[in-house]
Amino acid sequence: MFNVLRRAEVFNPKKGFLRNRHRFFTSISLKLDNKNEHSDYTELNTMYTDMFDSDKFKKEPGLNDKSELEILNEETEELLTVKHSSLNSTELENCVRNDGTFVIRSSSNNPYYNLALEDYIFKHTPLKATRPNNRLLFYINDKCAVIGKNQNIWQELYVSEAERKGFEILRRFSGGGTVIHDLGNVNYSFITSREKFSRSFFNECIVKWLLESNQDLSISLNSRSDIYFDGKKCSGSAFKIAKGKAYHHGTMLINSKLDSFNGILRPKNEKDIIWETNSVDSMRAEITNLPLETPERFIDICTNGFQKSFSDNEMNCLPLYYCSEDVTINEEIQKTMHTLKSDRFKYLHGPKFKLKLPLTGDEFSVENGVIVNASSPEYKNMPFQNFVKCSNLMQPVYNGKF
Amino acid sequence: MRILTKPTSLRSITPLRLSLRRQSTSVNTLNKNELPFTHTSTGPKEVKYTADHEWISLHPDGTAFLGITKYASDALGDATYIELPEVDREIDANESIGSVESVKSASEVYMPLKSTVTGINEELENTPQLINTDPQGKGWMVKFQVEESENNGKIMNELYTLEQYENFLKTAEE
């Protein structure tokens, strides 16, 4: 089904950006016919082939009754199996620090690497007086729960339950609420200038591109510019603004194991655990997967849409770069990963709060992650993180609640 | 080209403020009745602005206050949480000292001068809205002591005056 859809698109003359793609393939394929070694063409073709996923299109060659179209498609698929190469650290630095609009994909599933890479690209994207340097990053994270910059980790999550289920817990640099990632979820990140930034802009683009690929898809934006499918939320957004630039990053659930997310997010208003805080709220919403074949399909649709919409010249296809943790790494990214992993950023950061536990009569005031006041004085000056670990043993009535 | 264009969703909510700003050049002026101004009876010796839309009021005793401009707070929308630094923290020039969170956005706030944090506006903890209603007065964020140094003097000179800041906004909008 997937392949059929893809082919239909490549050769649909009614869709402008796909005409582009057709043209590229035709010309590149002809050149490929002259030689057999694909590796010879890796470099030459990177710019075009990187637009597509290379793993999904392996096909047995060989039927005799092939139409011209089928032959062309086969060539296309052969082309798609060309292995893309990841940027090395120098190439990353060059493409990030120089002016230019591009798509960049991380092939790592390490959330620490991906958030650090995003931060690196955001920080070093140069400001430009005229058209901003728009960049679109995609990454897919292994199981993790990611809280907003100004949230309280314990108020958002059943931390021990998340850990038991193998979900890594991270605090990110952007605002907003808590989201859960797994390999069925795509993270997109659109970097632009502060002056061009609008909270609704990029999700409007995504909805447009998705509808162009399938007009029957029942997706829409709500008043907060979140993307909904069939009345349920399939994507969450958060934003960051700094130094004349801004990014909008969001999640898109494609084939996430939504059942496994159960029991990780703490509901609001539990009667036996009372929080007093000014931390940023998460909006609870019923979630659903967007029914695309694979996360890669979503990335392809958005990559094509972006390349079509953000190129200043129809013939000039915007580049797509790949990153991998082993080669696309530098000291700054490593340092940011270290920050993201540190207790200081994860647990000692975030708003102050008061916690009341009516079943045991305990009360705590916590600032910068440390208990500054407690109904039982022995807890004073203890990092709350340490307290909850031992409290699960000491207070069975709250076992598993933190 | 426009600097800090209001997101379309906010544009419809704040047309009044927008039109006020266009008619007057004084919306980014420091509120003369609040601490950033009244810390010394004669007022600050200098008020400067950054391209990142922060203001600084520097008093003769080396005490200074920092916040974000009305222009910036209008563009950000309703503030929900203000992240502030720890008191006594030493800040390098251009280091982030906190953020203003509004409608899922964390907007970083920077300190242009090498300095030490001597106080934070605790009112913002319970009333982050002060960032919207009076960002250049009741909504000040950080009180700090400026290290006297050649470099800080140089930075202070290079920061915008109110007039330069208004011009910066104007040219950026064109």
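Note that the structure is a prediction, hence the values are computed from the model and not measured. Numbered from 1 within each chain, the chains take letters A, B, ... in sequence-line order.
- Crowding of Arg344(A) atom CZ: a count of heavy atoms from other residues, nucleotides or ligands under 6.0 Å not exceeding 12.
- Of all the listed residues (Ser237(A), Gly350(A), Gly148(A)), the one sharing the greatest number of non-hydrogen pairs under 4.5 Å with chain B is Ser237(A).
- Between Ala106(B) and Ser174(A) the shortest heavy-atom distance is CB-C, 3.9 Å.
- The environment of Glu90(B) atom CD is sparse: at most 12 non-hydrogen atoms of other residues, nucleotides or ligands sit within 6.0 angstrom.
- The side-chain heavy atoms of Glu125(B) and Thr277(A), taken from C-beta on, include no pair separated by under 4.5 Å.
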Could you go through Val100(B) and Ile241(A), starting from their C-alpha distance and side-chain angles, then the distance that decides it, and tell me whether this counts as side-chain contact (heavy atoms from CB on, under 4.5 Å)? CA-CA 10 Å; Val100(B) 174; Ile241(A) 303 169; over 6 Å; no
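- Using modelled atom types and a 3.5 Å distance limit, the side chains of Glu101(B) and Asn150(A) yield a donor-acceptor pair.
- Interatomic distance, OG of Ser99(B) versus NZ of Lys240(A), reported as 6.5 Å (0.5 Å rounding).
- Remark: Lys149(A) NZ is packed, more than 12 non-hydrogen atoms of other residues, nucleotides or ligands lying under 6.0 Å away.
- In this structure, OH in Tyr247(A) is found 10.5 Å from OG in Ser105(B), a value given to the nearest 0.5 Å.
- Using a 4.5 Å cut-off between heavy atoms, Arg131(A) does not touch chain B at all.
- Taking a 6.0 Å sphere around CD of Glu46(B), one finds it holds more than 12 heavy atoms contributed by other residues, nucleotides or ligands.
- In terms of heavy atoms, Ala242(A) sits closest to Tyr110(B) at CB-OH, 3.3 Å.
- When each of Ser193(A), Gly177(A), Gly175(A) is scored by its heavy-atom pairs under 4.5 Å with chain B, the top score falls to Gly175(A).
- Residue contact with chain B, scored on non-hydrogen atoms closer than 4.5 Å, is absent for Asp281(A).
- Around NE2 of His338(A), the count of heavy atoms belonging to other residues, nucleotides or ligands within 6.0 Å does not exceed 12.
- Contact tally against chain B (heavy-atom pairs below 4.5 Å) for Met283(A), His349(A), His248(A): the top residue is His349(A).
- Between the CD atom in Glu108(B) and the NZ atom in Lys243(A) there is a gap of 10.0 Å [rounded to 0.5 Å].
- Of the candidates Ile82(B), Asn126(B), Leu124(B), Asn126(B) is the only one forming a side-chain contact (heavy atoms from CB on, under 4.5 Å) with Asn278(A).
- Contact annotation for Ser102(B): both backbone and side-chain heavy atoms come within less than 4.5 Å of a heavy atom of chain A.
- The shortest distance between side-chain heavy atoms of Arg194(A) and Ser107(B) falls below 4.5 Å.
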